[in-house]
4 protein chains.
Amino acid sequence: MIRAAVVGASGYTGVELLRLLHRHPEVDIVCLTGDSSAGKRIQDIYPHLQGIYNQPVENTDPDLIAERADFVFIALPSGHTGSIVPNLLKKGLRVIDLGGDLRLPGDMYSKWYKKTPVPEPIQKQAVYGLSEWYRTEIEKAQLIANPGCYPTATLLALLPLVEAGAIEPDSIIVDAKSGVSGAGRAAALGSVFSEVNENFKAYKVNHHQHTPEIEQQLSKAAGKKVVMTFTPHLVPMTRGILATCYARVSAGWTQSRLFDLYHSTYEGKPFVRIRPVGNYPQTKEVTGSNRCDIGLSLDDRTGRLTVLSVIDNLVKGASGQAVQNLNIMAGFEETAGLDEVPLYP
Amino acid sequence: MIRAAVVGASGYTGVELLRLLHRHPEVDIVCLTGDSSAGKRIQDIYPHLQGIYNQPVENTDPDLIAERADFVFIALPSGHTGSIVPNLLKKGLRVIDLGGDLRLPGDMYSKWYKKTPVPEPIQKQAVYGLSEWYRTEIEKAQLIANPGCYPTATLLALLPLVEAGAIEPDSIIVDAKSGVSGAGRAAALGSVFSEVNENFKAYKVNHHQHTPEIEQQLSKAAGKKVVMTFTPHLVPMTRGILATCYARVSAGWTQSRLFDLYHSTYEGKPFVRIRPVGNYPQTKEVTGSNRCDIGLSLDDRTGRLTVLSVIDNLVKGASGQAVQNLNIMAGFEETAGLDEVPLYP
Amino acid sequence: MIRAAVVGASGYTGVELLRLLHRHPEVDIVCLTGDSSAGKRIQDIYPHLQGIYNQPVENTDPDLIAERADFVFIALPSGHTGSIVPNLLKKGLRVIDLGGDLRLPGDMYSKWYKKTPVPEPIQKQAVYGLSEWYRTEIEKAQLIANPGCYPTATLLALLPLVEAGAIEPDSIIVDAKSGVSGAGRAAALGSVFSEVNENFKAYKVNHHQHTPEIEQQLSKAAGKKVVMTFTPHLVPMTRGILATCYARVSAGWTQSRLFDLYHSTYEGKPFVRIRPVGNYPQTKEVTGSNRCDIGLSLDDRTGRLTVLSVIDNLVKGASGQAVQNLNIMAGFEETAGLDEVPLYP
Amino acid sequence: MIRAAVVGASGYTGVELLRLLHRHPEVDIVCLTGDSSAGKRIQDIYPHLQGIYNQPVENTDPDLIAERADFVFIALPSGHTGSIVPNLLKKGLRVIDLGGDLRLPGDMYSKWYKKTPVPEPIQKQAVYGLSEWYRTEIEKAQLIANPGCYPTATLLALLPLVEAGAIEPDSIIVDAKSGVSGAGRAAALGSVFSEVNENFKAYKVNHHQHTPEIEQQLSKAAGKKVVMTFTPHLVPMTRGILATCYARVSAGWTQSRLFDLYHSTYEGKPFVRIRPVGNYPQTKEVTGSNRCDIGLSLDDRTGRLTVLSVIDNLVKGASGQAVQNLNIMAGFEETAGLDEVPLYP
């Protein structure tokens with residue numbers, strides 16, 4: 001049995017970890033922390049957990065955590081990792097950070113997040129936790145930079161193409177749409193129901209902090225620097241991301257060959273499903289589940305490929321992928337605790 | 001292992017059974033039928049099931065079902081039970097009917113459903129499947145009339161009070177609100193998104209067919225005829241029912257005594273949670289789960305009690321309760337396959 | 001031309017006043033104030049007003065307001081009236097307060113709002129602005145206590161019955177449901193999209209501050225003290241209120257006689273529509289409009305009457321009724337600026 | 001006064017015409033027709049119109065229409081124009097067709113709509129009713145092909161750029177998102193609330209019939225054939241379209257120069273608003289109004305321009321633009337009957 005702690009238990013990714021780990025056969029949640037909610041019991045903050053969890057949220061104390069836990073999930077907004085994680089690593093804990101503080105090198109982090117980056121050695125130690133692509137590194141890692149939600153959906157769609165040279169990397173445009181839970185549980189005007197409902201909009205146009213994260217991975221796969229356009233939008237729904245990805249195909253790539261590429265890339269990967277020709281995924285088809293569904297369409301008229309990728313932003317886009325990484329790190333079945341059927345309707 | 005068949009697999013209660021039973025340790029789904037979808041594979045009708053189920057939907061043939069299954073779930077709209085169930089019973093199968101055809105005596109059924117009732121012996125044989133109240137009868141039953149969604153929420157709230165004489169039965173008013181999935185997957189004008197969204201309304205005012213179902217059970221508990229007012233409303237959401245129940249309290253009943261009544265009534269019942277004083281349940285707190293949460297408030301100013309009861313209409317209001325009944329009938333752990341944490345947010 | 005000022009221009013009722021008054025043939029908006037937004041232009045706070053309004057939001061200065069305006073709308077949350085209104089009255093302005101500070105006598109206000117009440121003479125001077133019922137008083141008033149949203153829907157439904165002795169006042173239960181805009185534009189956890197969406201709940205059970213406001217008016221009409229049960233609920237939609245009102249009918253009142261009562265009560269009242277027998281109003285049918293639609297059903301089985309009343313909480317429930325009151329006060333056509341067709345779908 | 005008839009009065013674009021024309025100072029609605037609803041009164045089909053309209057829906061009879069009306073709006077789904085419009089034209093009526101039957105030459109129409117096109121002379125006679133771009137032709141036209149909703153939002157955003165040579169036309173990608181009312185009032189599985197709510201998806205990927213309509217106009221403006229990628233998506237909301245348009249800018253075009261282009265293009269056009277730099281429009285900001293709001297962002301990192309264009313699909317995307325065209329044809333103020341403030345929230 002793995003003993004796990006959740007730091008930031010009262011945010012949405014935190015409470016989603018509690019949902020997924022509750023049925024995990026090999027994980028015990030031994031410690032919940034979060035400074036803003038410290039002193040309350042988790043089931044009083046979240047009544048839906050009454051009779052399921054009975055645990056206090058404590059102050060975040062790395063020594064206390066180290067005594068009790070083997071693994072730690074950091075489910076906080078960006079900007080807090082630097083003050084918590086180094087200590088945990090020193091004590092030999094394995095850490096999975098769901099926030100953005102470890103994903104980018106310091107200069108890029110400062111530029112896009114406008115915050116002070118973590119110390120360089122810590123950032124360099126972190127393994128990017130895109131489970132389907134970095135399994136070997138994740139297995140051995142002590143520290144995981146769990147990917148952002150938009151990057152997860154986008155990279156699962158684009159990495160096969162970039163790696164195989166099937167598309168022109170400088171033609172990539174990603175138009176992404178997300179439900180509102182991605183903004184977290186904070187009471188902010190932009191999340192107020194009457195502002196979001198019956199409304200649709202783009203935000204952080206040409207300057208969302210997931211852009212460098214996506215580009216970094218695509219550049220790695222392409223073997224050269226890739227810049228792309230990434231436009232996030234807010235959908236009046238709670239969960240779900242659809243990334244509509246556009247690129248020009250390289251010579252010699254037919255729709256048939258592209259489907260073969262996706263099928264072989266994701267063969268044996270339990271959470272990625274490739275849709276049949278002419279079938280396009282909807283966000284609802286993965287709700288509550290750790291799956292990523294991908295569909296594609298090559299337009300002969302334009303020579304342009306459209307790839308559609310859907311995930312649940314709180315599951316495969318955050319907490320589900322974190323649990324998947326823990327499974328890989330601990331040598332468990334990759335699907336342990338993650339075998340839910342999507343909630344439909 | 002129990003071998004189960006689902007008749008009407010392509011409706012919402014059908015596909016919800018598939019979700020719940022997928023993880024049930026003791027149940028195998030051996031047969032899916034449904035005449036309107038026959039010939040298609042269930043994962044083509046519901047792409048979210050790709051990689052999870054790979055089964056055809058076949059025509060409903062009681063002989064075929066009898067060969068393969070031990071238990072049968074009937075997940076069809078009302079009006080079909082009479083043509084399918086008698087045959088299955090003859091062959092010794094145990095049947096759980098999620099529709100309304102078995103819940104009422106023939107004359108009442110005709111009056112409220114405006115359809116031809118099933119043969120009287122069949123209706124008399126059916127045990128009303130309100131799990132927390134009829135466990136003993138359910139254990140031994142061959143045929144279950146699974147309760148309606150509104151009645152489940154309402155009766156779990158009111159039966160303790162009526163049975164204990166804590167309220168005046170002729171003062172009962174139930175104002176109920178449901179998400180749209182209760183209407184099923186049919187394409188009807190009343191379910192069209194643009195008609196339902198940003199809208200709230202009452203329907204079937206003073207003539208919803210769940211009224212006699214509720215009254216029948218309350219009358220039984222009261223030992224005399226009870227009539228009440230039941231007003232359903234449509235909420236622009238997919239899942240969830242909140243029943244707000246009003247009644248005058250009988251002399252000698254304080255809020256404290258009422259709480260004790262609920263706690264003792266539902267002691268050891270794993271799916272009913274009583275909220276602390278001053279805490280009222282929201283439908284979201286049971287989404288995707290088989291729970292029923294109850295909160296109450298006694299108003300000294302009026303001597304009137306308000307009881308709030310929430311369920312997920314597709315789970316405790318239909319398919320979850322059906323699985324719970326199967327567990328009771330088969331002697332399984334009552335919570336088998338039903339241990340989900342509610343999906344929040 | 002009337003010169004009008006709006007205090008609290010940047011809240012939802014404030015911006016709704018701007019929408020309605022824009023087309024009002026006799027009203028000019030000469031002054032917008034609001035301390036939290038002072039210094040910004042209204043069209044920068046609300047981009048939908050670009051090209052329609054070009055006005056700064058200024059600090060709330062009664063002297064400044066008095067120089068420029070004849071009428072003042074106070075569109076602030078409760079608790080502010082006492083510091084602004086007395087001054088405006090002294091200067092001879094006519095004031096319509098959309099908040100709750102003037103609706104109740106001081107002791108009742110303190111008890112339910114838990115705030116310091118306004119000076120007694122001010123409260124006593126205020127005329128309750130339920131347009132269809134207090135027209136004569138409103139015509140001559142200098143100060144209007146604009147009714148709350150829930151009370152408007154409820155009273156328009158119940159006052160005819162109570163006044164005519166058609167129901168037993170001690171049997172009244174009102175189960176009300178509102179869209180989220182009623183909570184205002186404040187960033188609060190309870191208004192966060194991910195908390196409200198796909199959710200339904202009751203709140204302030206047995207202690208909502210609209211209860212005494214409703215009881216006060218019903219008591220007046222009944223000629224004796226009336227207490228009732230009022231339960232508000234939150235609907236995952238932006239606009240709309242449905243009040244489902246229950247009461248036992250008095251002897252001699254048939255459904256036919258009840259319909260006659262409503263028709264004669266609201267004859268010539270342009271904003272109240274009585275639905276035909278068997279036809280029940282939906283909130284969407286009055287969206288964006290100042291109308292109140294009423295439907296009713298008398299259940300012979302129980303002798304209980306159900307009345308359904310819908311309004312748009314921001315229009316007839318607040319800003320529309322305020323404009324209607326201004327029209328009455330200024331001697332304008334009652335429908336001036338309020339002749340919109342509801343937005344459907 | 002213009003006497004107008006609405007054919008297809010009971011669909012959403014039909015009832016939206018009724019809303020807009022109700023306050024039009026120069027238009028009388030003299031005739032409502034629609035074969036599926038013939039015999040009913042419009043206010044019985046749409047109770048929100050009670051007390052506002054009192055008119056029967058009659059069978060569509062061109063002779064009858066010709067006797068009573070000067071202008072005719074055809075608000076039917078595609079495929080019906082050919083059987084109605086030629087007759088009306090012969091009788092000298094002026095006709096505005098809100099459907100797609102007149103927008104494309106026959107061969108293109110057959111290919112994309114998979115229906116029989118109208119006779120060629122009729123199609124050639126039709127003037128494309130994009131008001132801001134074809135005013136001169138519209139003024140003199142007897143027959144208007146009112147543009148599709150997606151094309152309206154897209155073309156208002158892209159035509160200035162293509163006409164000025166500011167972008168490379170072969171780089172155009174339009175990722176569009178629409179509310180559900182665009183699908184009309186038909187009861188179809190794809191419009192069922194439980195299927196659409198809490199869901200987001202693309203549809204008709206690379207084969208939506210608005211693609212050739214957009215390309216036709218862009219080709220005209222470019223002076224050469226333009227093909228582009230157009231991907232529509234369904235948003236869980238009732239009204240609104242956001243078109244996110246991508247293209248590579250041509251040499252010499254800075255963000256400043258682009259803003260100047262938009263400002264000069266739409267100078268004096270009352271319904272198109274250009275947002276300030278860094279400000280992006282949301283669909284809610286034009287709800288219920290005939291406006292189109294445009295925002296843009298030039299990304300120096302990629303040399304790619306992102307243009308965001310929002311409209312209300314039922315207003316500027318259909319019925320509002322139809323009324324705007326009638327105003328132009330009849331020599332009225334262009335804003336007559338279209339001066340609403342958007343509904344917010």
Side-chain angles (χ1 to χ4, degrees), chain A residues 170-179 192-207 211 215 227-229 231 233-242 244 246 248 278 280-285 287 295-306 308 310 343-345, chain D residues 170-179 192-207 211 215 227-229 231 233-242 244 246 248 278 280-285 287 295-306 308 310 343-345:
Chain A
D170 66 351
S171 70
I172 296 172
I173 293 174
V174 175
D175 188 295
K177 301 84 170 170
S178 175
V192 166
F193 185 90
S194 302
E195 297 287 310
V196 174
N197 190 42
E198 267 302 288
N199 195 10
F200 188 89
K201 68 178 195 186
Y203 63 100
K204 291 193 179 173
V205 180
N206 284 328
H207 71 271
T211 310
E215 289 180 346
V227 289
M228 37 84 74
T229 295
T231 315
H233 300 73
L234 194 66
V235 185
M237 63 187 184
T238 307
R239 292 177 176 245
I241 282 178
L242 167 61
T244 311
Y246 301 96
R248 285 202 183 286
Y280 306 112
Q282 312 182 17
T283 60
K284 209 175 176 61
E285 291 164 347
T287 297
L296 44 143
S297 170
L298 177 57
D299 187 12
D300 293 324
R301 297 189 328 124
T302 60
R304 199 175 275 126
L305 175 65
T306 303
L308 299 152
V310 299
L343 192 82
Y344 200 100
Chain D
D170 67 351
S171 69
I172 297 172
I173 293 174
V174 175
D175 188 294
K177 303 85 171 168
S178 175
V192 166
F193 184 91
S194 301
E195 297 287 310
V196 175
N197 189 43
E198 267 303 287
N199 196 10
F200 187 89
K201 68 178 195 187
Y203 62 101
K204 291 193 181 174
V205 180
N206 284 327
H207 70 272
T211 311
E215 290 180 345
V227 290
M228 37 84 75
T229 295
T231 315
H233 301 72
L234 193 66
V235 185
M237 63 186 186
T238 308
R239 290 176 178 245
I241 282 178
L242 167 61
T244 311
Y246 301 96
R248 286 204 184 284
Y280 306 111
Q282 313 181 18
T283 60
K284 209 177 177 62
E285 291 165 347
T287 297
L296 45 142
S297 171
L298 177 57
D299 187 12
D300 293 323
R301 298 191 325 126
T302 60
R304 198 175 276 125
L305 175 65
T306 303
L308 299 151
V310 300
L343 191 80
Y344 200 100

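Chain A is the first sequence line, chain B the second, and so forth, proteins listed ahead of strands; every chain is numbered from 1. Keep in mind it's a predicted model, so treat the numbers as computed, not measured.
Using a 4.5 Å cut-off between heavy atoms, T211(D) touches chain A through its side chain atoms alone. Only the side chain of H233(D) comes within less than 4.5 Å of a heavy atom of chain A; its backbone N, CA, C and O stay farther away. Using a 4.5 Å cut-off between heavy atoms, V205(D) contacts chain A through both its backbone and its side chain. Contact annotation for L296(D): neither backbone nor side-chain heavy atoms come within less than 4.5 Å of a heavy atom of chain A. Residue contact with chain A, scored on non-hydrogen atoms closer than 4.5 Å, is absent for Y203(D). Only the side chain of Y280(D) comes within contact range of chain A, with heavy atoms under 4.5 Å apart.
Closest non-hydrogen pair, V174(A) versus Y246(D), comes out as O-OH, 4.3 Å. Summarising the geometry of S171(A) relative to R248(A), their closest heavy-atom pair is OG-N, 2.8 Å, with the distance given to 0.1 Å. Nearest approach of S194(A) to P345(D), heavy atoms of both residues: O-CB, 3.5 Å.
The greatest number of non-hydrogen atom pairs below 4.5 Å with chain D, out of R304(A), K201(A), R239(A), is found for R304(A). For the set T229(D), I241(D), V227(D), the count of heavy-atom pairs under 4.5 angstrom toward chain A peaks at T229(D). Put simply, of T244(D), I173(D), V235(D), L308(D), the one with the most heavy-atom pairs under 4.5 Å next to chain A is I173(D). Between chain A and the residues L234(D), D170(D), T238(D), the largest count of heavy-atom pairs under 4.5 Å involves T238(D).
Side-chain contact between D175(D) and K177(A) is present, with heavy atoms from C-beta onward closer than 4.5 Å. A 4.5 Å side-chain heavy-atom check between T287(A) and E198(D) finds every atom pair outside the cut-off.
Partners of E195(A) according to the salt bridge (Lys or Arg N to Asp or Glu O under 4.0 Å) rule, which considers only residues two or more places apart in sequence or in another chain, are R185(C). Evaluation of the side-chain contact (heavy atoms from CB on, under 4.5 Å) rule for D299(A) yields R301(A), T302(A), N206(D) as partners, not counting sequence neighbours.
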